[in-house]
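For reference, the structure is listed below as structure tokens.
Whatever order the structure lists ligands and atoms in, that order sets their numbers, starting from 1.
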Amino acid sequence: MIPYGKQHITEEDIIAVTEALKGEYLTQGPTILEFEKKFAAYIGSKYAVAISNGTAALHLCALALDVKEGTKVITTPITFAASANCVRYCGGEVVFADIDSETYLIDIEKVKELLESQPKGTFSGIIPVDFAGRAVNLEAFKKLADEYNLWIIEDACHAPGGYFVDSKGTQQNCGNGNFADLSIFSFHPVKHIATGEGGMITTNNEELYKKLLMLRTHGITRDENVFENSLEFANGTENHNGEYPKWYMEMQNLGFNYRFTDFQAALGISQLKKANDGILRRRQIAAKYYEAFKNLPFIKGQSSVIEGHAYHLYIIEVDRRLDLYNHLREQNIFAQIHYIPCHLMPYYRELGWKENDMPKAENYYKNCISLPMYPTLTDEEQNIVINTILKFYN
Ligand SMILES: *Cc1c(COP(=O)(O)O)cnc(C)c1O
């Protein structure tokens, strides 16, 4: 069986997890901070906060940026539903903007049109998605966001190790915090770095970083510099030595338990060591698909290997997509479709979205198919995939 994506777990990973299990902490131990620091160094951000999964990470980002009833946030319809749902968790309103048919990313021109169509202050933020591993040009989005006083949450789940090149020619890694207020990643097994479940938020903003640490653990703080209740109350007596007692902590916000565990962090640290090799292999696979299918009239949407693309997915647009998908399945090749446009999910239709609202996204959905793409896909397996597709069309 050849799936569209899968994790790569090595002996080294297994040893790392086993060692962590023998340690003192299963959760809330020092391995989590170690993973956060190493992940931040890999991405190039100041701070990183490990979270129980990518969806919870998005939820905390929306909370930290004060999304609430009436808050309007713009995102793309071609993404995993969580990119939009995080706004709804906080009672905010999701406003979709159509994609660019070439890049499949949210179209900045559509976002501009939206912003210009309403009085300033209507929208609060944008959630661009580095879809399939292709980096959004966040420099351009940041400029727009500043003009309209918007925050940016970058959904970089598909793109750890991806980057775009800014107007000065500098490589800007996805999630490095230079343009977005907050960026999020997922460590679900189909993503680049696997820890079972897991997620990460990266940022360069210290205030947001501190807020996220609290929200991750019930909104509780143990930092006596920010305690709000009196010493008398905390000690339970007026007879105290002027310090908060050692047991004392405060719940200051309505947070959650969205913590990560130490054995997952150990796996994450081990996985991180292979991350660069994984990206290189993914780019090789992409180059080979490109060579195999270029100039074939029934396959669209192909471009040669794109600089900075992290290739979480390799997507082509094809004629007779349904037949191809079923044919591949019969040969035990499990291609996948990314994504069914989010605005046409029954939940979002219920909120008023309808067909033809996002014509480019809806058109894209009719023909797109994601081919097997993961570092351990062998040349032999990729040949089988390619030949099966070529035979199907001939
Ligand atoms: C995987 C994914 C998420 C959610 O991550 P989980 O860890 O599965 O909760 C969010 N956004 C995108 C684009 C994703 O691909």
Would you please determine whether E197 falls within less than 4.0 Å of ligand 1 on a heavy-atom basis?
no

For atom 15 (O) of ligand 1, the protein heavy atom that lies nearest, with its residue and separation
H158 NE2, 2.7 Å

Can you find an N or O of T79 that's nearer than 3.5 Å to an N or O of ligand 1?
no

Evaluate ring-ring contact (aromatic ring centres under 6.0 Å, His included) for F293 paired with Y314, printing each intermediate quantity in order.
CA-CA 12 Å; F293 301 134; Y314 192 86; 7.6 Å; no

Output yes when the distance from some N or O of ligand 1 to some N or O of H188 is under 3.5 Å, and no in every other case.
no

Could you check whether any heavy atom of G198 sits closer than 4.0 Å to an atom of ligand 1, since that is the contact criterion I want to use?
yes

With no hydrogens and no angle check, just 3.5 Å: does a side-chain donor-acceptor pair link Y364 and D100?
no

How far is atom 8 (O) of ligand 1 from the closest protein heavy atom, and which atom is that?
S186 OG, 3.9 Å

Under 4.0 Å, heavy-atom basis, I'd like to know which part of K191 is in contact with ligand 1: side chain, backbone, both or neither.
side chain

Check for me whether F185 has a heavy atom closer than 4.0 Å to any atom of ligand 1.
no

So, Y248 and N229: side-chain donor and acceptor under 3.5 Å apart, yes or no?
yes

Can you tell me if Q118 and Y148 form a side-chain donor-acceptor pair at under 3.5 Å?
no

Do N53 and E197 have side-chain N/O donor and acceptor atoms under 3.5 Å apart?
no

Under 4.0 Å between a side-chain nitrogen and a carboxylate oxygen: does that hold for K143 and E139?
no

For Y339, the ligand 1 atoms whose distance to one of its heavy atoms is below 4.0 Å:
15 (O)

Please verify whether a non-hydrogen atom of S83 lies at under 4.0 Å from ligand 1.
yes

Between E34 and K37, does any side-chain N to carboxylate O distance fall below 4.0 Å?
no

L267 backbone acceptor or donor facing S270 side chain under 3.5 Å:
no

For atom 11 (N) of ligand 1, what is the nearest protein heavy atom, given as residue, atom name and distance?
D155 OD2, 2.7 Å

Show me the pairs that pass side-chain hydrogen bond (donor to acceptor under 3.5 Å, both in side chains) and involve residues 383-393, at least two apart or across chains.
K288-N383

Is the closest N or O pair between G54 and ligand 1 shorter than 3.5 Å?
yes

Quick note on ligand 1: atoms under 4.0 Å from a heavy atom of T55 include exactly 4 (C), 5 (O), 6 (P), 9 (O)

